[in-house]
Amino acid sequence: MIEVSHCDLTYKQGMSQVQVYDDFSLNIAQGESLVLIGPSGCGKSTLLYLLSGLLSPTGGEIRIWGEQFKGTRQKSAFILQEYGLFPWLNVEQNVSLGLRVRHAAKQTRQERTEELIRKMGLWEVKHHFPSQLSGGQRQRVALARALTLNPDLLLMDEPLSALDALTRERLQTLLLEIWQEQKLTTVLVTHSIEEAVFLGSRILVLLDGRPTKIVGEILNPLVGTPGYRQSSEFFEKTSYVRSLLERGGQDEGK
Ligand SMILES: Nc1ncnc2c1ncn2[C@@H]1O[C@H](COP(=O)(O)OP(=O)(O)OP(=O)(O)O)[C@@H](O)[C@H]1O
């Protein structure tokens with residue numbers, strides 16, 4: 001279980017302060033695919049930063065699998081909005097970077113990198129540099145790099161937002177497969193209601209109330225089942241999430 005307990009987070013900028021979280025608590029079960037959705041500025045990225053350890057709460061504590069942690073954890077992977085690829089490294093070098101930094105043995109590094117490059121369909125472009133790749137390919141490189149380290153927690157901040165609709169759908173399916181195959185715990189931020197319902201086993205709708213509030217919590221047990229995107233249940237869930245967002249959480253739970 002990931003336990004966010006009574007956390008506070010206030011950004012200080014000069015004389016002004018932005019209180020994003022105040023006494024905020026949330027549990028995430030192992031193997032859950034949690035999606036955060038809510039209006040711009042409501043605190044979604046901040047929550048990912050707290051979970052990644054890049055930011056520390058100003059009050060309260062976060063435990064991951066029972067352990068309190070300081071700074072970043074080796075087993076947490078974080079995919080940022082802009083992919084975070086190094087332009088001067090080719091696909092192969094970008095994917096193997098994490099293993100190199102952690103001084104993995106050369107053979108392990110080569111095998112794991114090759115396995116993920118193949119899995120992500122990047123074999124043909126493994127010697128290309130990020131500037132020579134499409135947005136979808138870049139995102140797959142970022143995903144491959146995150147997965148080389150066998151993370152137990154995958155945090156993603158709008159990873160698919162820059163992609164065209166079809167590439168986005170293909171990568172959503174890939175993310176779903178990875179989540180199901182590896183039984184990963186994932187937390188994904190998105191602005192897309194369809195993406196939230198397609199990928200989230202639980203969807204949290206956040207609202208910028210200063211501090212941030214959870215205004216809806218939707219369990220989505222059919223996630224990952226064949227044909228879900230075309231089903232009436234999918235349509236119902238997306239309509240419900242949309243209504244929560246539109247009403248700013250003035251709706252009762254469903
Ligand atoms: N480094 C910072 N210093 C001061 N204020 C910040 C900082 N980072 C974020 N904020 C403020 O904190 C609030 C939450 O920001 P956050 O980036 O978490 O929102 P978000 O929901 O991820 O937004 P978006 O959907 O636009 O990415 C916003 O009001 C933002 O302006």
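We count ligands from 1, going down the list as the structure has it; atoms in each ligand are counted the same way. Since we're looking at a predicted model, the values are computed, not measured.
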Please could you name the atoms of ligand 1 that [X] approaches to less than 4.0 Å, counting only its heavy atoms?
X: T46; result: 14 (C), 15 (O), 16 (P), 18 (O)
X: K44; result: 18 (O), 19 (O), 20 (P), 21 (O), 22 (O), 23 (O), 24 (P), 25 (O)
X: E158; result: 27 (O)

Salt-bridged, [X] to [Y], with N to O below 4.0 Å?
X: R168; Y: E195; answer: yes
X: R118; Y: E114; answer: yes
X: K119; Y: E181; answer: yes

Using a 3.5 Å cut-off on N or O atoms only, is G43 in polar contact with ligand 1?
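Indeed, backbone or side chain, G43 has an N or O that close.
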
For G38, is at least one N or O under 3.5 Å away from an N or O on ligand 1?
no

Ligand 1 versus [X]: contacting region, heavy-atom distance under 4.0 Å:
X: V20; value: side chain
X: K12; value: neither
X: R210; value: side chain
X: Q13; value: side chain

Between [X] and [Y]: side-chain donor-acceptor atoms closer than 3.5 Å:
X: R229; Y: Q172; value: yes
X: N220; Y: S201; value: no
X: N90; Y: H127; value: no
X: Y21; Y: T10; value: no

Using heavy-atom distances only, which candidate in G14, S45, S40 approaches atom 22 (O) of ligand 1 most closely?
S45

Just to be sure I'm reading this right: ignoring hydrogens, which of Y11, Y49, Y21 gets closest to atom 8 (N) of ligand 1? Compare them by their nearest heavy atoms.
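When every heavy atom of Y11, Y49, Y21 is considered, Y11 comes closest to atom 8 (N) of ligand 1.
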
same_hphob_cluster(L99, I117) at 4.5 Å side-chain heavy-atom cutoff:
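In one cluster: no.
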
Ligand 1 contact by C42, heavy-atom criterion under 4.0 angstrom:
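So C42 counts as touching ligand 1.
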
Please determine whether any non-hydrogen atom of H191 lies less than 4.0 Å from an atom of ligand 1.
yes

Start with the C-alpha distance between D152 and R73, add both sets of side-chain angles, then the distance that settles salt bridge (charged side-chain N to carboxylate O under 4.0 Å, His left out), and finish with yes or no.
CA-CA 10 Å; D152 59 15; R73 290 174 70 242; 3.0 Å; yes

